[in-house]
Amino acid sequence: MMIAYKYLSKPMDIKSGIVTLVIENKKLFRDTVSEILNGNENELFIVSKNFTPVDFNKTVSVINNALDIEFNNKKMMSKIYTGLEVSANELFLKEVFEVKGMLFNLAEKLCREYDFDLKASEDIDTSSIIKLLDFKVREDADNYLEKIILYIKLIEKYLKIKLFIFYNLNLYCSYSEMQTLCETLKSMDVCCLDIENHIDEVFDKNNTYIIDNDLCEVIYNEE
């Protein structure tokens with residue numbers, strides 16, 4: 001997979017692990033992040049696979065706040081709910097019918113409590129029961145790094161997304177944590193594009209692209 005960025009002379013080769021894009025010019029960094037946050041990423045980025053452009057929104061997951069990751073992503077939860085419904089119908093059909101029966105019985109009793117006609121819905125399907133239970137992903141990771149990895153695993157599993165974009169991961173992760181994250185992503189065949197404004201130490205020269213404050217380009221992997 002490749003990502004062309006408007007201010008780089010050639011596309012970034014996105015492989016499994018971590019690719020770092022350092023934009024030292026604060027205005028350009030701010031504008032780049034703002035365009036992504038506002039859904040205008042196509043103004044700056046072109047994602048391609050086998051030299052064919054692909055839909056950014058279907059290929060990339062953007063983590064807007066690395067300190068407050070939204071685990072219950074709507075698209076992902078929709079996939080999980082579909083799986084729960086299939087499991088309920090295939091493995092727990094008897095229990096599903098019992099729950100429906102209890103709900104109908106409760107509805108009839110409630111209706112009799114009023115001196116005017118009430119009618120409850122007779123269309124209680126498995127998906128309605130699943131939604132009623134309001135399933136959420138438990139965020140019980142022991143530390144920050146495990147939380148990131150858990151989120152990436154879930155999104156990759158249910159949405160089949162292989163490319164994740166973070167901002168300033170180096171602010172939150174130590175050098176050793178970045179190494180651990182990189183090795184984990186490689187084992188999953190998943191890539192993270194980390195967009196930074198500044199880094200004190202280059203994590204991986206072969207996968208680091210730098211645009212300095214004067215908008216001059218430094219690509220370590222040409223060495």
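Panel note: side chain Glu156, backbone Met188; no donor-acceptor pair is recorded below 3.5 Å. One N or O on the side chain of Asn72 and one on the backbone of Val137 form a donor-acceptor pair closer than 3.5 Å. Side chain of Asn168 to backbone of Leu171: no donor-acceptor contact under 3.5 angstrom is found. A donor-acceptor pair is defined here as one N or O able to donate and one able to accept, closer than 3.5 Å; such a pair exists between the side chain of Ser87 and the backbone of Gly83. Side chain of Asp214 to backbone of Cys216: no donor-acceptor contact under 3.5 angstrom is found. No donor-acceptor distance shorter than 3.5 angstrom exists from the side chain of Glu24 to the backbone of Ile210, with no hydrogens or angles considered.
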(message) Using side-chain contact (heavy atoms from CB on, under 4.5 Å), reason through Phe29 and Val22 one step at a time and then give a plain yes or no.
(response) CA-CA 8 Å; Phe29 174 79; Val22 183; over 6 Å; no
(request) In sequence, state the C-alpha distance, the side-chain angles, and the governing distance for Lys162 and Thr59, and then conclude on side-chain contact (heavy atoms from CB on, under 4.5 Å). (result) CA-CA 7 Å; Lys162 293 283 190 179; Thr59 310; over 6 Å; no
(request) Dump the intermediate steps for side-chain contact (heavy atoms from CB on, under 4.5 Å) on Ile23 and Ile195, then the final yes or no. (result) CA-CA 7 Å; Ile23 306 173; Ile195 302 177; 4.0 Å; yes
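Taking 4.5 Å as the limit, every side-chain heavy atom of Ile18 sits out of range of all side-chain heavy atoms of Lys186. Between Met178 and Asn170 the shortest side-chain heavy-atom distance falls below 4.5 Å. For the pair Glu196 and Ile199, the minimum side-chain heavy-atom distance is below 4.5 Å. Between Val19 and Asp194 the shortest side-chain heavy-atom distance does not fall below 4.5 Å. Between Tyr5 and Leu21, the closest side-chain pair of non-hydrogen atoms falls below 4.5 Å. Asn25 is not listed as a side-chain neighbour of Ile211, based on a closest heavy-atom distance of 4.5 Å or more.
Judged purely by distance below 3.5 Å, without hydrogens or angles, the side chains of Asp123 and Ser121 never pair a donor atom with an acceptor atom. No donor-acceptor contact under 3.5 angstrom links the side chains of Ser34 and Asp31, judged on distance only. For the 3.5 Å distance criterion, the side chains of Tyr7 and Thr32 fail to qualify, holding no donor opposite an acceptor. Counting only N and O atoms by type, the side chains of Lys15 and Asn207 include no donor and acceptor under 3.5 Å apart.
Atom OG1 of Thr126 is separated from atom CD of Glu95 by 11.5 Å, given to the nearest 0.5 angstrom.
Residues Asp200 and His198 approach most closely at OD1-NE2, 2.9 Å, considering heavy atoms. Of all heavy-atom pairs spanning Leu93 and Asn89, the tightest one is CB-O, 3.6 Å. Asn64 and Val62 get closest at one heavy-atom pair: OD1-CG1, 3.3 Å. The two residues Ile129 and Leu103 have their closest heavy-atom pair at CG1-CD1, 4.4 Å. Taking all atoms of both residues into account, the shortest heavy-atom contact from Cys192 to Leu185 is CB-CD1, 3.6 Å. In terms of heavy atoms, Cys111 sits closest to Leu118 at SG-O, 3.5 Å.
For Lys119 and Asp117, the salt-bridge test fails: no basic side-chain N is under 4.0 Å from an acidic carboxylate O.
Ile165 is connected to Val33 through a chain of hydrophobic side-chain contacts under 4.5 Å among Ile, Leu, Val, Met, Phe, Trp and Tyr, so both are in one cluster.
By the 30° and 60° cut-offs, the orientation of the rings of Phe45 relative to Phe56 is tilted.
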